[in-house]
Amino acid sequence: MTLAQRLGLAKTPLFLVDGSAYLYRGYHAFRDIARSDGFPTSALFMVFRLLFKLLKEQQPSHLIFFLDGKGPNFRSTIYADYKANREAMPEPLARQIEPLRQGLALLGVPVIVPEGAEADDGIASLAARFRDQMPVVIVGADKDLKQCLSEQVALYDPSGKAERLTTLADFTADCGITPASWPDLQALVGDTSDNIPGIPGIGPKTALELLRRLPTLEAVREGLETVKPTVRQKIAPALAELFTYRELTRLRTDILPDTTLSDAALTPPDRDALRAFLEGYEFRTLAREIPGSPPEAAPKKEPAKSAQLSLFDAPGTAASAPAAPAASAPVAAQAPPAPVALADLPDAAGRALALVPLENGSSLSFGPDEFFVAADPPALAAYLARAKRVAVPSVKALLAAHAAFAALPLPLWFDLGLAAYLLNPEARSYGFDRLRDSLFSDPAVDASTISPSDCARAGALLADTLSARLETAGLTSLVATLELPLIPVLLAMEQAGIGIDREAFASFATEVAGKLAVLEADIVALAGKPFNPRSSQQLGEILYTDLGLKAHGKTPGGAASTSQEALERLAGLHPLVDRILEFRKLEKLRSTYLGPLPTVADGRGRIHTTFNNMATATGRLSSSNPNLQNIPIRGEFGRRMRDCFIAAPGNKLVAADYSQIELRVLAHLSREPALLDAFANGADIHARTAALLFDKEQAAVAPDERRQAKTINFGLLYGMGPQKLSRDLGIKLDVAKAFIARYFERLPGLSAFYDGIVESAKAQGFVTTLAGRRRLLPDIRSANSQLASQARRQAINTVVQGGAADIIKMAMLAAAGDPELARGQATLVLQIHDELLLETPGETAQAAGERLAGLMAGVYPLAVPLEVDWGTGHTWGEAH
DNA sequence: ACAACTCC
DNA sequence: GGAGTTGT
């Protein structure tokens with residue numbers, strides 16, 4: 001049944017397709033789809049499959065495919081943060097745009113790219129303009145499109161398994177407000193994907209309740225006195241911003257003034273060219289759907305369906321010439337590399353900006369991967385060696401680009417990204433472009449003398465600005481003694497990599513795959529109908545709708561949760577539940593570790609991660625591509641997994657980890673006598689806490705009491721709230737509250753320490769760690785109690801987690817610079833927050849372990865001893 | 001983009 | 001509390 005029939009329309013509607021949305025969705029959903037030569041085709045596949053479905057089922061006469069306009073649009077001029085946390089279009093997706101335009105031209109589908117606006121704005125404008133001439137169906141899934149709904153305009157999302165048709169009636173029944181109030185709703189609730197904060201503490205429920213009575217922000221402002229005080233308090237201070245947010249969400253209805261209905265008319269496709277195009281991207285099933293295609297031997301998928309495929313014969317049948325493919329001008333032309341120049345050369349006048357264009361006229365660029373267009377790195381390095389200071393976006397990236405730079409003395413470098421990170425470790429990114437732009441919007445900086453395109457001068461100004469700020473913030477020595485020296489160490493670790501045992505991986509993977517196949521068959525049989533157990537959505541439907549099980553908790557998105565925690569509460573109620581839990585465990589193992597890791601190993605069977613030193617708010621490192629900091633260790637498969645990581649032949653691995661480093665940092669900072677005493681005497685800290693909490697001798701503590709104390713001890717590092725504790729422990733909220741109260745009563749030093757942190761954070765606006773690292777926490781002064789207590793938890797966690805991060809970074813420096821370890825040819829290979837992994841010739845392994853443990857334990861004197869557990873072995877599992 | 005899972 | 005990766 002066509003949509004026209006379902007909607008009771010007399011005419012075939014005009015279809016307006018939110019193309020950009022489907023490109024991204026296809027790109028994300030089928031990341032792995034690519035042509036056999038590796039060219040990514042995921043988004044193309046999604047779009048053409050969608051269009052074929054539409055053309056086939058709906059037989060439209062008019063349809064427009066919209067893409068987002070390039071570059072900044074009017075929204076960023078209203079609000080600088082708009083979509084600020086959205087990255088540029090990923091390169092594999094960008095490469096599909098030109099082919100997409102060609103294919104659409106062959107298909108006869110008109111494409112519109114609204115200039116300075118987004119696809120949604122074009123859709124809203126044309127829907128409003130044409131809806132009186134013919135009914136409109138918007139094809140898309142973006143929730144903001146809901147504001148376009150009217151009697152003549154419906155919203156349709158055919159992608160995915162369950163297609164969705166939303167009409168005005170559906171919307172009204174659902175929300176109880178008119179579509180025109182949608183932007184007002186979003187302004188209140190916020191939208192993370194558009195970086196619209198909304199009002200903290202106001203969710204969809206509160207906002208809808210409000211808007212049903214007062215349907216616009218204006219009405220809310222007028223009737224503010226009638227709003228109940230708890231809500232009013234949250235809204236009142238942000239009233240002005242709310243209007244800005246609404247403008248961002250509100251789609252424009254006044255653009256594309258010159259577009260007429262005839263621009264939306266489909267033209268007949270060039271079937272042969274289209275078929276060749278689809279085959280060229282290896283979309284063989286799609287190609288075969290085009291009438292006149294050779295039936296092809298084997299596949300029995302859709303035998304005689306081509307009879308329905310009159311779609312391509314739509315309105316005027318004549319096989320007229322296809323519209324010319326979009327100009328084949330280089331759409332994806334890369335932005336020209338920013339010319340750079342950041343060396344402060346000694347000069348009579350003080351300094352001259354360097355120029356860095358070299359003899360051959362090439363220049364340095366600041367791309368994350370490529371620093372050189374054509375420059376000769378050794379020549380450049382020699383040139384830079386004459387400088388007093390060289391500022392670069394990322395020293396680590398530069399050193400990684402060519403070994404020649406490693407010869408330059410470390411103090412020469414000024415790392416712009418690192419400086420910006422240390423000044424505010426919560427900013428989104430520290431790329432040069434972002435930093436440069438920030439200069440021009442910073443009221444404290446006079447950037448009037450430089451032009452935005454002059455990267456050389458911008459870079460130098462940035463270096464001056466950041467360096468002065470580091471000084472003011474007391475961060476200079478952190479850079480000089482810890483963060484900068486760590487950079488070559490991290491790079492060396494990345495380059496060393498860690499070996500894997502390919503055979504161990506293979507046999508483990510085979511075993512897991514076998515178990516998964518059995519489980520999946522079982523699961524589907526138990527469910528009674530085919531479904532994908534990887535999909536939480538489908539699983540929720542089976543569990544909570546079909547089987548009628550009771551859901552425990554919801555996801556932030558409002559759906560019934562199928563999380564491990566929720567599922568474990570259902571254990572025993574249905575055999576499906578246990579299998580799903582088992583399936584999830586194995587599937588995670590397969591998809592995250594067993595499958596991908598062997599494929600990223602180099603020719604010598606070693607995996608090289610990237611350690612990011614500007615990623616976390618607390619000063620920890622992070623690891624990515626692949627992440628080697630979350631390799632399983634617990635559970636029945638942990639050991640086996642770590643046994644897949646091995647030393648090179650003749651070598652051994654040494655694993656050394658700090659015991660309870662965060663609790664020790666806490667003991668040190670708080671000087672709480674009970675903690676100091678426990679650690680000084682090598683006591684079991686959790687048992688000791690339990691003894692204190694339950695008023696008994698440590699020897700009399702029951703295992704469950706120890707477990708509870710352990711949960712509290714950990715919760716405490718995270719700033720702990722009674723809610724989370726009661727959930728984790730499975731106890732009532734007031735019991736948890738009483739528990740916490742008693743805890744602080746017995747450990748008064750902690751209580752005082754926490755108060756002190758919060759007080760100083762309030763006074764200064766930031767907290768600092770052992771090494772002087774800082775984190776800004778403006779929210780700690782917020783009148784919004786939710787925000788304030790979140791900031792309070794972050795304050796506590798940052799000094800503890802960040803302090804531990806400082807210590808292990810010092811240990812890494814000590815290990816990397818230690819002559820004894822160097823003599824034994826021991827090299828660092830991994831850091832996992834409280835653990836260091838070293839690879840060393842078998843003969844020196846024992847000595848290296850002892851040495852490493854000694855260095856780690858002695859690197860920073862705390863009020864309690866730092867204990868280090870260590871071991872060696874051929875595999876990582878063994879070394880533990 | 002979200003939900004789920006891994007680690008410390 | 002802090003991360004990264006996978007799947008849909």
Side-chain angles (χ1 to χ4, degrees), chain A residues 21 24-32 42 46 85-86 141-143 159-162 191-194 425-426 531-540 553-567 580-581 583-597 600 609-612 615-635 637-638 641-642 657-658 660-663 666 714-721 724 775 777 789-802 804-805 808 830-835:
Chain A
Y24 273 97
R25 213 203 280 185
Y27 174 71
H28 288 298
F30 321 106
R31 239 168 215 295
D32 46 333
S42 49
M46 179 73 163
N85 51 11
R86 179 166 301 187
D142 192 318
K143 50 190 175 349
S159 78
K161 242 180 138 183
D191 184 342
T192 40
S193 68
D194 289 349
E426 279 186 285
F531 84 108
N532 182 351
R534 292 163 194 81
S535 159
S536 50
Q537 200 196 337
Q538 291 176 38
L539 178 63
K554 288 186 163 191
T555 68
S561 168
T562 67
S563 68
Q564 191 164 10
E565 194 197 332
L567 257 39
I580 289 286
L581 286 169
F583 179 87
R584 287 238 180 108
K585 216 180 328 179
L586 293 169
E587 175 66 11
K588 184 75 185 179
L589 215 49
R590 183 194 68 77
S591 67
T592 310
Y593 307 107
L594 295 174
L597 291 182
V600 298
T609 185
T610 300
F611 286 109
N612 194 332
T616 71
T618 56
R620 274 189 180 178
L621 299 174
S622 79
S623 151
S624 58
N625 296 310
N627 183 352
L628 293 183
Q629 288 181 323
N630 71 347
I631 303 299
I633 184 169
R634 294 189 274 257
F637 302 115
M641 191 69 242
R642 292 206 173 189
D657 67 287
Y658 283 112
Q660 323 265 27
I661 186 169
E662 292 184 345
L663 281 172
L666 181 64
F714 274 106
L716 160 86
L717 299 175
Y718 305 151
M720 192 151 60
K724 187 156 168 45
R775 178 178 185 180
L777 290 165
S789 59
Q790 161 138 354
R792 176 186 161 278
R793 290 192 291 273
Q794 290 172 330
I796 292 161
N797 185 243
T798 299
V799 296
V800 176
Q801 189 185 108
I808 196 159
L830 289 182
Q831 187 251 46
I832 309 100
H833 308 307
D834 66 351
E835 172 181 358

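These numbers come from a predicted model, not from an experiment. Proteins come first, then strands; the chains are lettered A, B, ... in the order of their sequence lines, and each starts at number 1.
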Among residues 789-798 of chain A, which ones have heavy-atom contacts with DNA chain B below 4.0 Å? none
Could you tell me whether A:E835 contacts a base, only the sugar-phosphate backbone, or nothing, with contacts defined as non-hydrogen atoms closer than 4.0 Å? nothing
Can you check the A:Q831 CD to B:dC8 C1' distance for me, whole Å? 10 Å
Atom CG of A:L567 to atom P of B:dA3: distance rounded to whole Å? 15 Å
For A:F583 and B:dA4, give me the distance from atom CZ to atom C1', rounded to whole Å. 13 Å
Once you round it to whole Å, what is the distance between C1' of C:dG1 and CD of A:E426? 12 Å
Would you kindly say whether A:T609 and A:S623 are connected by a side-chain donor-acceptor distance under 3.5 Å? yes
Atom OH of A:Y27 to atom P of B:dA1: distance rounded to whole Å? 12 Å
Does the A:Q564 side chain pair with the main chain of A:L581, one donor and one acceptor, at a distance under 3.5 Å? no
Within this structure, what is the CZ-to-C1' distance between A:F714 and C:dG1, rounded to whole angstrom? 12 Å
Counting any heavy atom closer than 4.0 Å, what does A:L589 reach on the DNA or RNA strands: base, sugar-phosphate only, or nothing? nothing
Using a heavy-atom cut-off of under 4.0 Å over every strand shown, decide if A:I832 touches base, sugar-phosphate, or nothing. sugar-phosphate
Under 3.5 Å, side chain of A:T555 to main-chain N/O of A:A559, donor-acceptor pair present? yes
Where the side chain of A:S789 meets the backbone of A:R792, is there a donor-acceptor pair that is under 3.5 Å apart? no
Say whether A:R584 and A:T562, considering side chains only, have a donor N or O and an acceptor N or O under 3.5 Å apart. yes
Using a 4.0 Å cut-off on protein heavy atoms (strictly under), produce a 5'-to-3' string for nucleotides 3-8 of chain C with B for base contact, S for backbone-only sugar-phosphate contact, and - for none. SBBSSB
Is the distance from OP1 or OP2 of B:dA3 to the nearest side-chain N or O of A:S561 less than 4.0 Å? no
Side-chain N or O of A:R634 versus OP1/OP2 of B:dC7: is the shortest distance under 4.0 Å? yes
Measure from the side-chain N and O atoms of A:S624 to the backbone N and O of A:N627, and report whether any donor-acceptor pair falls under 3.5 Å. no
Starting at CD of A:E565 and ending at C1' of B:dT6, how long is that distance when rounded to a whole Å? 16 Å
CD1 of A:I796 to CD of A:Q801: how many Å apart, nearest 0.5 Å? 13.0 Å
With no hydrogens and no angle check, is any side-chain donor or acceptor of A:R775 less than 3.5 Å from a backbone partner on A:A795? no
If you look at every heavy atom in A:Y593 and A:N630, which pair is closest and at what distance? OH-O, 2.6 Å
Rounded to the nearest angstrom, tell me the gap between atom CD1 in A:I661 and atom P in C:dG2. 19 Å
